[in-house]
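Accompanying notes for the structure given below.
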Amino acid sequence: MIIASSRCTKPGLQISSQVLLYMNKAKIAGIAYNVPDRVVTNHDLEDMMDTTDEWIQTRSGIKERRWVEDGMPNSDMALPACKEAIENAGIKPDDLDAIIVGTVSSDYNFPGMAPIIQQKLGVTTNISAFDISAACSAFIYLLEIGSQFIQTGKYKNILLVGSDVMSCLLDKTPAGRATGVLFGDGAGAVVLQPTDDESCILSTHTYANGKGVEMLHAKAPGSMFYPNRIDAEVIAQGHHLPVQNGREVFKNAVVRMPEAINFALEHNNLSLEDVSLVIAHQANYRILQTSAKRMGMSMDKMYVNIHKYGNTTAATIPIAMCEALEEGKFTKGDIIILTAFGAGYTWASAAIRW
Ligand code: ACO
């Protein structure tokens, strides 16, 4: 394998074709998702959060979401998806070279959830396992990191997990209704492998702008709260809960996701006509609709399942990919574009030939 120096231009990293000749391509060899059985409808939230089914549906398109049974840790929810993705890829847990998890609701404050999943999968080898924190954009960040490890030949089997138990982060009282009604719990997992086939990850582009930090965050536990990172005073002030300026988040999402889709198209010399399906982070139906309109794209090409699950943060894209596949919305050889926007701000896109 030859890895030469690369040229870096905007947008994203451009690697010269000479280098690519000697690099592996990465493919998604296995994919699966898991959502909790417990369905929480908008009606279930009406008394709890002083809201209405009509307000939630009109503002977000959400009809229901899933919540874990009280006390179920994130890793337990993610585990069935991990096992199924590994099986689909035709490997055993011990074949994994790395596990990378994207989440904002890990089982513990530290270590990350990846070593916990390594243990629960029964992996007996000492592999690489770590978490990343990129909120709603995490799954595409994972694809970017994982595909780099495959392209350089460092690893052959990588488990990527996007999983969030948002129900344990929410203020489920009327004070938290503006954010609390939007989220749900869910997990998605993929296994990346090298491939010579035309089915591969064509590109990933990831971006951030820290000016967005104050627009969407949960501050505690955090080192800015001296000396305990979290205590009764920090909790009394609500610093452990997600806080957002919903309108600002909305306005930025509908600019950045179309922009990221366009970067993916340009990078691969594609037009929207070449694309079978756009799978965007499921945050709000109106964000999907506005983004499609800005792209001059019909909603037929924009996958939607937010009405069933709400915003499952790192898990929306792999869940949507699984459901779209089951529904026959794309098949081998088709090109799909993924895009996401979330806290940070972070945003991203990926182009995949399935
Ligand atoms: N039920 C009933 N009323 C509510 C609720 C609720 N759940 N939440 C807020 N309201 C009220 C407010 O109190 C306000 O009342 P007032 O006018 O009497 O003061 C009124 O509804 C309007 O509130 P706004 O916040 O201005 O409502 P808006 O139309 O902006 O919609 C929403 C809010 C749905 C949050 C929207 O801004 C949005 O979707 N933003 C994107 C946020 C997002 O998706 N964040 C997720 C993470 S980031 C990502 O994934 C992209």
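As the structure lists them, so they are numbered: ligands from 1, and atoms in each ligand from 1. Given the structure is predicted, the values throughout are model-derived calculations rather than measurements.
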Is there a protein heavy atom less than 4.0 Å away from atom 5 (C) of ligand 1?
yes
Would you indicate which of Asn245, Thr312, Leu216 comes nearest to atom 48 (S) of ligand 1 when only heavy atoms are counted?
Leu216
Would you call Glu87 and Lys92 a salt bridge, taking side-chain N to carboxylate O under 4.0 Å as the test?
no
Can you get from Leu79 to Phe130 by hopping between Ile, Leu, Val, Met, Phe, Trp and Tyr side chains that sit under 4.5 Å apart?
no
Heavy-atom neighbours of Asp197 CG exceed 12 at 6.0 Å:
yes
Closest heavy-atom approach to atom 36 (C) of ligand 1 among Arg286, His281, Arg59 is made by Arg286
Asn284: numbered ligand 1 atoms lying under 4.0 Å from its heavy atoms
38 (C), 39 (O)
Is atom 45 (N) of ligand 1 touching the protein, meaning some protein heavy atom lies under 4.0 Å away?
yes
Which heavy-atom pair separates Phe341 from Val249 by the least distance, and what is that distance?
CE2-O, 3.8 Å
What is the minimum heavy-atom distance between His281 and Thr316, and which atoms define it?
ND1-OG1, 2.8 Å
Cation-pi check for Trp354 against Lys27: NZ or CZ below 6.0 Å from the six-membered ring centre and within 45 degrees of the axis, yes or no?
no
Determine whether the side chain, the backbone, both or neither of Ile56 has a heavy atom under 4.0 Å from any heavy atom of ligand 1.
neither
Should the heavy atoms of other residues, nucleotides or ligands under 6.0 Å from CG of Asp196 be counted, would the total exceed 12?
no
Between His205 and Phe263, how do the two ring planes meet: parallel, tilted or perpendicular, split at 30° and 60°?
tilted
If the contact criterion is a heavy-atom separation under 4.0 Å, does Ser60 count as touching ligand 1?
no
What residue and atom, counting heavy atoms only, is the protein's closest point to atom 23 (O) of ligand 1, and at what distance?
Trp55 CZ2, 4.4 Å
Can you figure out which of Pro242, Ala178, Gly246 has its heavy atom closest to atom 37 (O) of ligand 1?
Gly246
Of all the non-hydrogen atoms in the protein, which one sits nearest to atom 51 (C) of ligand 1, and at what distance?
Phe341 O, 3.3 Å
How close do Ser163 and Thr103 get, heavy atom to heavy atom, and via which atoms?
O-OG1, 2.6 Å
Under 4.0 Å to a heavy atom of Phe183 - the qualifying atoms of ligand 1, by number:
46 (C), 47 (C)
Within-cutoff protein neighbour (heavy atom, under 4.0 Å) for atom 30 (O) of ligand 1
yes
I'd like to check atom 8 (N) of ligand 1 in this structure: does the protein have a heavy atom lying under 4.0 Å from it?
yes
Can you pull out the closest protein heavy atom to atom 24 (P) of ligand 1? Residue, atom name and distance to 0.1 Å, please.
Arg247 NH2, 4.1 Å
Quick test: of every protein heavy atom, which one is nearest to atom 15 (O) of ligand 1, and how far off is it to 0.1 Å?
Arg177 NH2, 4.7 Å
Going by an N to O cut-off under 4.0 Å, is there a salt bridge joining Lys156 and Asp95?
no
Would you mind checking which non-hydrogen protein atom is closest to atom 43 (C) of ligand 1, with the distance to 0.1 Å?
Gln244 OE1, 3.5 Å
Would you say Thr51 and ligand 1 have an N/O pair spaced under 3.5 Å apart?
yes
Which of the numbered atoms in ligand 1 are under 4.0 angstrom from any heavy atom belonging to Val181?
7 (N)
Just by distance, no angles: are the side chains of Glu54 and Thr58 close enough, under 3.5 Å, to form a donor-acceptor pair?
yes
